[in-house]
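Because the structure is predicted, anything quoted here is derived from the model rather than measured. To find a chain, count down the sequence lines: A is the first, B the second, and so on, and within it residues start at 1. Only this structure's heavy atoms are used, side chains among them; waters, hydrogens and symmetry mates stay out.
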Amino acid sequence: LAANKAARGNDFQWCFSQVKGAIDEDVAEADIISTVEFNYSGELLATGDKGGRVVIFQHEQESKNRPQLRGEYNVYSTFQSHEPEFDYLKSLEIEEKINKIRWLPQQNSAHFLLSTNDKTIKLWKISERDKRAEGYNLKDEEGRLRDPFRISSLRVPVLMPMDLMVEASPRRIFANAHTYHINSISVNSDHETYLSADDLRINLWHLEITDRSFNIVDIKPANMEELTEVITAAECHPHQCNVFVYSSSKGTIRLCDMRAAALCDRHSKFFEEPEDPSSRSFFSEIISSISDVKFSHSGRYMMTRDYLSVKVWDLNMENRPVETYQVHEYLRSKLCSLYENDCIFDKFECCWNGSDSAIMTGSYNNFFRMFDRNTRRDITLEASRESSKPRATLKPRKVSTGGKRKKDEISVDSLDFNKKILHTAWHPKENVIAVAATNNLYIFQDKIN
Amino acid sequence: MILKGQKRKLPPEDPDHTEETTAELEGQRQLVLYISLNKYQHGQVLAEPSLRRSVLIANTLRQITLEAAMGKDGGSPTPCGAAAAVHTKEDGCTGMATPDRQFTVTVHNSHSAAASDFSSPPDPQFGVASSRHQADFQVSTPDVCIEGGSEDWESMSSDPDFSLSAAISSILTTLESSIDGNHGGSPAAPRTPLRSLENLAALEGDGASKQGVRGPSWGGWERAEESRATDSCVEVMRSSYLGDLALDDIFQDIDTSLLERELGVLGARGEGHPSGEELLRYLPSLSSTVPSFSSFSSSSSSSSSSPFLSINQNMWCLPSFSSFNPTTTPSGSPFFSSSSFPSSSFPSPSSSSYPGQGLARDGLELDHVMEVLVES
């Protein structure tokens, strides 16, 4: 309901809510956040970092005396999901960095999520324990098991309340199915299967079965010298469990129907925007590489993020997107430098709001951008400690492109390309957003409830 | 001789706009070409090497080659155009402006700008000052210009057009075979396990630690499971340029400058790599010119062993050879042997065509043992 109100055309008024993470200038690499994801209800917010850890925040109940202030997100559970591995056979180190987290829809009191690094996907169960069984007479005072013959009475333990403990336990480990680096996982709408994609292949898994998976897409050429395109992202359709899409490094998206064939190498739909010859450069292919693809909640549209823009596609129209939003067009003249310093390879993500009326994506200098699809208005905001006063409204930012720089504008040359916002998430029901800025997680809320 | 419209410092004042644009375009093409080469080189030692990145760089290189080839078919090639896009120190680079020389000049320039990016600790994000990214691509390279190189360039005689296009083609072939080698055989384009060889390199004492880092990844890829990839790589290597005498000429030409650079900057190894080496690494004709190393090393004024040693340390970075198995073919092994030189005693280069095959294995086994020890 809150999301619908905002969608009616009111501008969002984003204000700072919280920031999580260390304040130090010295950032430990392991603390760099690598993925952010709300669960289906928005009650839980999970982050993964380069150190292989998962931190889950839970939305606290709103306080009764200040209902306009939404509750805060506080740490609910922290666990080490992946450890660095060493493949002795190939003398290769496998990073523990969490590439993606995806929640499963909640079916009972426990929460389940999938987390993945480059090679291995794990299903984690996060459950609460607030009772403990006490009164066992099976062990002696030192904790050693007593000899059964010495136990003379049957004592039934009693459940006693205890402090809430949140436990995370790995329930499934899906390993050894990917030769290349996993870039995406996506839970299917049947809630039984999910897909995982690496640079060249996509596998379909059943959540209960860990020792095998179906390969449904394989674009590896027989001769690796002919390799010119890799898979960059993949996602299941939110409602049709037979449909999924995957994007490529050449700026194309393929929609596949798993009913058509066991191996979905032949797409059902092929989405590609014809190149504008006037803007062709040496870097055209690199900047067309799609870094993220997301279906809208409705399932009618999908959104792709390439280096300079976000495009919204109607699934019924393959030859061009229906909407294109420029994220940081001022970088187009800097592509050579960005190529040199590798920034051109940064993979930005994008996300929809709950009602599909707005989209959000990150940029450099800790800026992130939001586009309202109805009003066509866009805004640039910054995730920084300076603007992090409680409930302070975020001031729109502007990058000056011309010669004259107005006050409060920042020039392109002053942008800090080390401060990149690659991962953002939007609460599925409310106007609450989570923005990962290197090692800090910012949570912003819309003031207009 | 500097061609018209190719002033390197000031914006071109040539009233003929078309020629200027073409020159700039050619210049940028050259620039992107060499940045791409540098990137691919360093991609092997990045903390998070990625197939996507490698493929995109390779595609960009391929596109540049195609455009350059098409351009050459039409009119007169202007490989010197690189200089137009790059601001260099003029006095050091004028005079003997043969195309190959400017070829290398540009490499120097583009690389020095990129040097700090790649020589910083694992995550380049934090190793690079933001000021670097601010300006348009302006390379400040006064220190890196060829030192005392002008007289050496007189010895260059090869046809510039042929050398450039041939070099580009060979590089592309090398890249393609290395993609195959890296990811066909050993798919997890690896983060090199730094620890073990850092220890090893520390024992050696000099700034070889940077090169030392690359050792384990070689060893790992050598043990890759897919021999199919290995075979195809070897096939490519064998078919390309080993018998190409012209490339040897080019190689020798560039080699001279490389050696000069090496002598000059051996002490500054830690910060980055003189970019002449970058080019050197990509020329696959090294196997046939291993003997030529010795000839150059003996002809250079300084110690004959150290340039060779340092050159071979840099040859570790050659990505295409990662898939070579020293036991398969002789043509592959010299590169492994070269790679293992720093970790074993330095052999006489003139001893045989494939000097250190056994040494290669020993060196790699040693690396592996070190890795296992450290990991345990």
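Heavy atoms only, all atoms of each residue included: B:Leu56 and A:Ser249 are closest at CD2-O, 3.8 Å. Residue B:Val32 comes nearest to A:Phe282 through the heavy atom pair CG2-CD1, 4.0 Å, listed as atom of the first residue, atom of the second, then distance.
Between A:Ile286 and B:Asn59, the closest side-chain pair of non-hydrogen atoms is not below 4.5 Å. Annotation: side chain of A:Tyr339 is in contact with side chain of B:Ser36 (closest heavy-atom distance under 4.5 Å). Side-chain contact between B:Ser50 and A:Val230 is absent, with no heavy-atom pair separated by less than 4.5 Å. No side-chain heavy atom of A:Asp199 sits less than 4.5 Å from a side-chain heavy atom of B:Val55.
Heavy-atom distances place the backbone of A:Ser281, and not its side chain, under 4.5 Å from chain B.
By the 6.0 Å contact criterion, NZ on A:Lys347 is enclosed, its count of non-hydrogen atoms from other residues, nucleotides or ligands being greater than 12. The environment of CG in A:Asp218 is crowded: more than 12 heavy-atom neighbours from other residues, nucleotides or ligands sit within 6.0 Å.
Judged purely by atom type and a 3.5 angstrom limit, B:Arg52 has no side-chain atom pairing as donor or acceptor with the backbone of A:Ile231.
Partners of A:Lys250 under the side chain to side chain donor-acceptor pair (under 3.5 Å) rule, at least two apart in sequence or in another chain, are A:Thr228. The side chain to side chain donor-acceptor pair (under 3.5 Å) check on A:Asp198 picks up A:His178, with sequence neighbours excluded.
Atom CD1 of B:Ile57 sits about 6.5 Å away from atom CG of A:Asp342, to the nearest 0.5 Å. To the nearest 0.5 Å, atoms CD (A:Glu285) and OG1 (B:Thr60) are separated by 6.0 Å. Rounding to the nearest 0.5 angstrom, the gap separating the CZ atom in A:Phe283 from the CD atom in B:Gln63 is 9.5 Å.
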